[in-house]
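Side chains included, hydrogens not; waters and symmetry mates left out as well; all remaining heavy atoms used. Remember, it's a predicted structure, so these values are computed and weren't measured experimentally.
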Amino acid sequence: MISALLNFEFLQNAFLSGLIIGVIAPLLGLFIVVRRLALIADALSHVALAGIAGSLYLSQSVLFFSALNPIYLGMATAVGGSLLIERLRGAYKNFEELAIPIILSAGIGFGAIFISLAKGFGSDLVGYLFGSVSAVSRQDLWVIVTIAIVVIAFIRFFYKELFALSFDKEYAKVSGINGKIIQTVFMIIVALVIGASMRIVGILLVSSLMTIPVAAAIQLAKSFKGAMLLSITIGELSVIVGLFSAYHLDIAPGGTIVITSIIILLGVLGWNKFKGKKRVGKVKGDLMHDVG
């Protein structure tokens, strides 16, 4: 793959996009996991699926959509889904978790409707569902680069606020942190990252890249920043091995990336068991040691 990488632009686009996603997906995923909101990524990915299917369906009869990259409508619907989740969480203050399955179900429902109405875009949809090495364009790469800059800037400038909101909402409120605005912006950014990751990892698997590297990292890390660095490292390793495997085996990269991350997770769990370490119930306390 190394020689092909130097000669083919589509491989360069896929590899660079994968490396960037391998950083930003686990980076956001750590904040999602410690808030026990891991299913939000699944919900937003299914909403993005509805947007992609809707764009492909409309492209068959509407000129504007035939010239529009389906990723944009997928990202727009994911952002809309993230805002609806926040609105529903406010409406069900004592049952906030209800917002996630409601939006997830809506995404699946609309996606099924558009797929059943349309004819002849099944092959296009498969690439969005499971990722495709050849489908990543230079335009897609620049979109991912732009979103990555936004993610890193947001984490850099609001790290302490995000940390406080993740571990102690009451302290954050007393400290004067505007949790509602920060949480809303955070959810929008998560939606954008999910939308940007569709080309490489696939809609159905993108949430795995946000959570599985984090699941492995928190078994090893002794601080929040340590978990962050380990999550990114495992995410990058999963992407690199997954892309190389997908290229040589001629299969969807989403599957190889996710299976690689699962193998790493199983290795970490096996190592901890071999060493006699018990991390259950202790992980969150360890992560709270690192404020800033």
Side-chain angles (χ1 to χ4, degrees), residues 1-29 41 44-45 48-49 51-52 55 68-79 124-155 188-214 231-261 264:
M1 181 178 177
I2 299 298
S3 59
L5 189 61
L6 297 174
N7 295 318
F8 297 106
E9 183 178 288
F10 76 92
L11 284 178
Q12 295 169 7
N13 295 338
F15 193 75
L16 291 173
S17 298
L19 289 178
I20 295 169
I21 292 165
V23 172
I24 59 177
L27 181 61
L28 290 176
L44 294 180
S45 65
L49 169 62
I52 291 289
S55 182
L68 182 71
N69 189 331
I71 278 184
Y72 296 137
L73 190 55
M75 292 172 68
T77 54
V79 169
D124 294 328
L125 193 61
V126 168
Y128 290 104
L129 291 175
F130 305 108
S132 173
V133 172
S134 60
V136 185
S137 66
R138 187 53 58 99
Q139 183 185 39
D140 295 331
L141 174 59
W142 285 118
V143 169
I144 292 169
V145 168
T146 303
I147 292 173
I149 293 171
V150 172
V151 170
I152 293 170
F154 180 70
I155 299 295
I188 291 172
I189 289 175
V190 169
L192 290 174
V193 169
I194 288 172
S197 305
M198 289 186 289
R199 283 295 203 187
I200 292 293
V201 190
I203 296 168
L204 298 183
L205 300 170
V206 64
S207 62
S208 301
L209 189 59
M210 283 187 149
T211 54
I212 296 174
V214 175
S231 298
I232 292 171
T233 301
I234 294 169
E236 289 287 74
L237 182 60
S238 300
V239 167
I240 292 170
V241 173
L243 286 177
F244 270 82
S245 301
Y247 175 79
H248 289 292
L249 298 174
D250 193 24
I251 55 179
T256 55
I257 290 170
V258 171
I259 293 301
T260 301
S261 64
I264 294 172

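- In this structure, T77 OG1 and L49 CG are separated by 9.0 Å, a value rounded to the nearest 0.5 Å.
- Atom CG in L192 sits 11.5 Å away from atom CZ in F154 (nearest 0.5 Å).
- A side-chain contact (heavy atoms from CB on, under 4.5 Å) with D140 is found for exactly one of N69, N13, I200, namely N69.
- Shown here for T256 and L243, the closest heavy-atom pair between the two residues is OG1-N, 4.4 Å.
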> What do the steps show when you test I194 against M210 for side chain to side chain contact (heavy atoms under 4.5 Å, CB included), and what is the final call?
Replying inline: CA-CA 9 Å; I194 288 172; M210 283 187 149; 4.1 Å; yes
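- Closest approach of A48 to A78, counting heavy atoms only: CB-CB, 4.2 Å.
- Once rounded to the nearest 0.5 Å, the distance linking OG of S197 with CD1 of I147 reads 8.0 Å.
- The main-chain N or O of A14 is never found under 3.5 Å from a side-chain atom of S17 such that the two would form a donor-acceptor pair.
- Between I240 and L19, the shortest heavy-atom contact is CG1-CD2, 3.7 Å.
- Taking OG from S55 and CD1 from I71, the interatomic distance works out to 10.0 Å, rounded to the nearest 0.5 Å.
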> So I257 and L205, side chain to side chain contact (heavy atoms under 4.5 Å, CB included) or not? Walk me through it.
Replying inline: CA-CA 9 Å; I257 290 170; L205 300 170; over 6 Å; no
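- Summarising the geometry of P26 relative to L209, their closest heavy-atom pair is CG-O, 3.8 Å, with the distance given to 0.1 Å.
- In this structure, the separation between CD1 on I24 and CD1 on I155 is 10.5 Å, given to the nearest 0.5 Å.
- Looking at every heavy atom in both residues, S261 comes nearest to V258 through OG-O, 2.6 Å.
- Taking both residues in full, the closest heavy atoms of L16 and L141 are given as CB-CD1, 3.9 Å, listed atom of the first, atom of the second, then distance.
- Atom CD1 of I144 and atom CD1 of I21 lie 4.0 Å apart (nearest 0.5 Å).
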